[in-house]
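Notes follow once the structure below has been shown.
Bear in mind that the values here come from a model prediction, so they are computed numbers and not experimental data. Throughout, protein chains are lettered first and strands after them, A, B, ... in sequence-line order, and every chain is numbered starting at 1.
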Amino acid sequence: MSSVPSVVNPSPAPATPAPAAAANDERPHSPWRDAWARLRRNRLAVIGGVFVLLLTFVCIALPPFLPYSYEQQNLARGATPPSAEHWLGTDELGRDLLARLLYGGRISLMVGFVASLVALTIGVTYGAIAGYAGGKLDALMMRVVDILYALPFTIFVILMMVFLKDPMTQLDAWLRQFSWLSDLQGIGKIIGLFAAIGAVEWLTMARIVRGQVLTVKKMEYIEAARTLGYGHARIVFRHIVPNILGPVIVFTTLTIPAVMMLESFLSFLGLGVDAPLSSWGTLIKDGADKMENFPWLLIFPGGVFACTLLALNLLGDGLRDALDVRAAKD
Amino acid sequence: MLRFILRRFLQTLPVLFVLATLTFFMLRLVPGGPFTAEKAVSPEIQRNLEAHYGLDKPLLVQYRDYLWDITPKKLAPWRLFTDSNRDGAPDFDLKAAFGINLGPSFKYPNRTVNEIIADKLPTSLELGLWALLVALTIGVTLGVVAAMKKNTGVDYTASTLAMVGICVPTFVMGPLLVLLFALHLGWFNASGWYFASDRVLPAATLGLVYAAYIARLTRGGMLEVLNQDYIRTARAKGASETRIVLRHALRGGLLPVVTFLGPAIAGIISGSFVIETIFQIPGLGREFVNSAFNRDYTLVIGTVLLYAVLIVVLNLLVDVVQVWLNPRLKFE
């Protein structure tokens with residue numbers, strides 16, 4: 001964690017007084033604008049970013065306009081290959097695969113984003129406190145992280161899903177008494193997924209943030225803030241955290257595909273999202289069970305899932321290069 | 001070196017203690033005991049069952065007994081590999097080797113967790129070793145070739161393949177390989193674990209993701225090493241390109257790969273849950289997932305502990321190899 005990203009130490013703006021004649025590109029270069037320019041030049045990262053945005057938009061906005069819902073069965077029709085009517089075909093209950101894929105995408109993407117956000121919040125808070133406090137508290141907090149880090153975390157998530165099974169069913173039943181939540185069946189299980197995945201994915205974030213905070217807190221402007229008599233909380237969250245956003249953004253972007261992978265892994269094993277809800281993991285599981293006769297049920301969900309992971313990874317790598325963060329990937 | 005190993009070993013003890021404590025309390029505090037899922041039994045039978053499994057004692061007493069049961073009390077690791085029942089396979093008898101007793105299974109009557117592990121672990125270990133072999137051979141070859149032909153079509157193809165390999169999860173890759181090589185071409189069986197050829201698809205599925213990571217790491221490591229002065233010296237002395245790579249560059253170039261082996265082993269172990277489910281392999285991974293479903297608490301705890309110890313011990317081994325390859329690390 002030795003490298004300081006360039007965003008921490010912005011090169012001073014060009015000091016030329018800029019006469020009106022040379023006004024075309026003499027605006028001060030903010031590090032964020034530089035990074036944005038570098039990102040835009042990275043073709044793969046742009047493709048990845050556009051893909052993710054487009055996919056998210058389609059998954060959220062398109063389902064109401066489709067002629068079929070994700071659970072509407074047509075047993076007389078059964079499983080049919082892609083056709084003009086059902087673009088991606090239907091499964092053996094006659095359900096439209098495109099509708100199910102988009103709906104599953106909502107769940108998978110939501111778990112990916114929200115669980116990463118949970119990990120981000122815990123990781124940044126924990127890491128920033130440890131790094132800022134230093135001394136014994138820091139040593140103790142990082143020792144805890146070290147111990148948790150050595151646990152095999154996939155196994156730990158499986159354990160948590162077993163552990164959370166009953167509480168989540170109860171939560172689900174409780175939530176569904178509210179009429180505006182009544183069509184969100186299985187939401188309890190999804191909250192369980194957020195908790196279980198968020199609980200293991202924050203560790204790396206905490207380490208990265210702590211390392212960054214250790215470098216930043218020695219800077220003069222922090223000393224200045226302290227001289228002005230600001231409280232610790234204000235210094236940490238107003239002065240330090242905004243200056244370590246680079247690595248945090250990069251690592252969050254790279255956490256999303258990891259989280260989505262974990263969710264699908266759990267759903268594939270039957271420990272994740274429950275029927276009738278479906279995520280990409282459960283769709284892939286269904287497809288794998290029936291691929292002998294209906295291969296499209298595996299190929300489309302598997303393909304879309306792999307493309308999404310690829311796009312997110314390309315975007316993350318591009319952001320890392322653009323923000324010049326070297327140590328952010330483990 | 002001995003001091004380093006000892007220190008690293010002592011560092012793993014709190015990890016194991018925390019793990020044992022966490023798993024114990026997590027699963028004991030779950031609402032609904034292991035026998036509530038069955039059809040209603042009379043209170044006497046319920047009491048007898050709980051007494052049989054020691055569940056009627058106070059929680060802290062159960063915890064103390066459990067900690068004592070899983071503490072190693074002797075050290076005879078060779079007993080893992082003897083074949084006392086003459087069934088042609090090693091025993092993996094944790095009780096004979098370390099005096100560890102993981103208790104009776106809640107769901108398999110008359111079987112202990114030790115027996116189930118002894119029964120299923122060898123299959124999983126075999127699968128894991130094949131997968132590691134696939135990952136290392138393909139990964140290192142691809143990475144070295146990409147580094148030698150830097151910035152050519154070969155390099156880009158290898159790098160793209162690696163990126164794709166990383167993004168196709170095992171549970172997509174496995175069914176696709178089955179679809180192509182088993183159902184379509186008919187080269188292999190779609191599932192089972194009977195013949196030597198049954199090892200190919202599962203090992204390939206599990207190994208390919210890590211082959212992709214290893215290829216990237218090898219390429220990066222080799223590129224760094226190939227710029228060093230001693231490589232230029234070797235070249236100036238007229239060594240052939242093959243000799244330079246194999247004799248001079250590989251040892252340094254593989255350092256990042258060795259670092260990665262720790263996470264890779266952990267990944268291969270958890271990946272085996274999916275692979276054993278897809279290919280219906282009678283290994284410990286499938287048993288673990290089933291036990292998680294059935295809430296066979298003792299079996300869940302036993303397997304989790306075993307996996308954790310395996311991962312921790314293998315990580316220790318990886319660290320030692322790393323220090324042996326690069327002594328500078330000892331002082332960090």
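- By number of non-hydrogen pairs under 4.5 angstrom with chain A, the leading residue of B:I301, B:L310, B:V172, B:T170 is B:V172.
- Both the backbone and the side chain of A:L310 come within less than 4.5 Å of a heavy atom in chain B.
- For A:M161, no part lies under 4.5 angstrom from a heavy atom of chain B.
- If you measure heavy-atom distances from B:A266 to chain A, you find no contacts under 4.5 Å at all.
- Both the backbone and the side chain of B:S270 come within contact range of chain A, judged by heavy atoms closer than 4.5 Å.
- The number of heavy-atom neighbours closer than 6.0 Å to CD of B:E224, taken from other residues, nucleotides and ligands shown, is 12 or below.
- Between B:Y307 and A:F156, a ring centre-to-centre spacing not shorter than 6.0 Å is recorded.
- In this structure, A:L314 CG and B:C167 SG are separated by 7.0 Å, a value rounded to the nearest 0.5 Å.
- Both the backbone and the side chain of B:V274 have a heavy atom closer than 4.5 Å to some heavy atom of chain A.
- Contacts between B:L16 and chain A at a heavy-atom distance below 4.5 Å are absent for every atom of the residue.
- Heavy-atom distances place the side chain of B:I311, and not its backbone, under 4.5 Å from chain A.
- For A:S116 and A:E201, the side-chain atoms include no donor-acceptor pair closer than 3.5 Å.
- In this pair, B:W187 and B:F181 present their aromatic rings tilted. The plane angle is within the 30 to 60° band.
- Only the side chain of A:I158 comes within contact range of chain B, judged by heavy atoms closer than 4.5 Å.
- For B:L179, the parts lying near chain A are the backbone and the side chain together; criterion is any non-hydrogen pair under 4.5 Å.
- Contacts between B:L176 and chain A at a heavy-atom distance below 4.5 Å involve backbone atoms as well as side-chain atoms.
- Heavy-atom distances place the side chain of A:I299, and not its backbone, under 4.5 Å from chain B.
- Looking at B:D319 and B:R7, no side-chain N of the basic residue comes within less than 4.0 Å of a carboxylate O on the acidic one, giving no salt bridge.
- A salt bridge links B:R216 with A:D317: the closest approach of a Lys/Arg side-chain nitrogen to an acidic carboxylate oxygen falls below 4.0 angstrom.
- Proximity to chain B (any heavy atom under 4.5 Å) is shown, for A:S264, by both the backbone and the side chain.
- Here the side chains of A:M205 and A:I122 are not in contact, with every heavy-atom distance at 4.5 Å or above.
- B:F273 and B:F288 have tilted rings, their planes meeting at an angle from 30° to 60° on a 0 to 90° scale.
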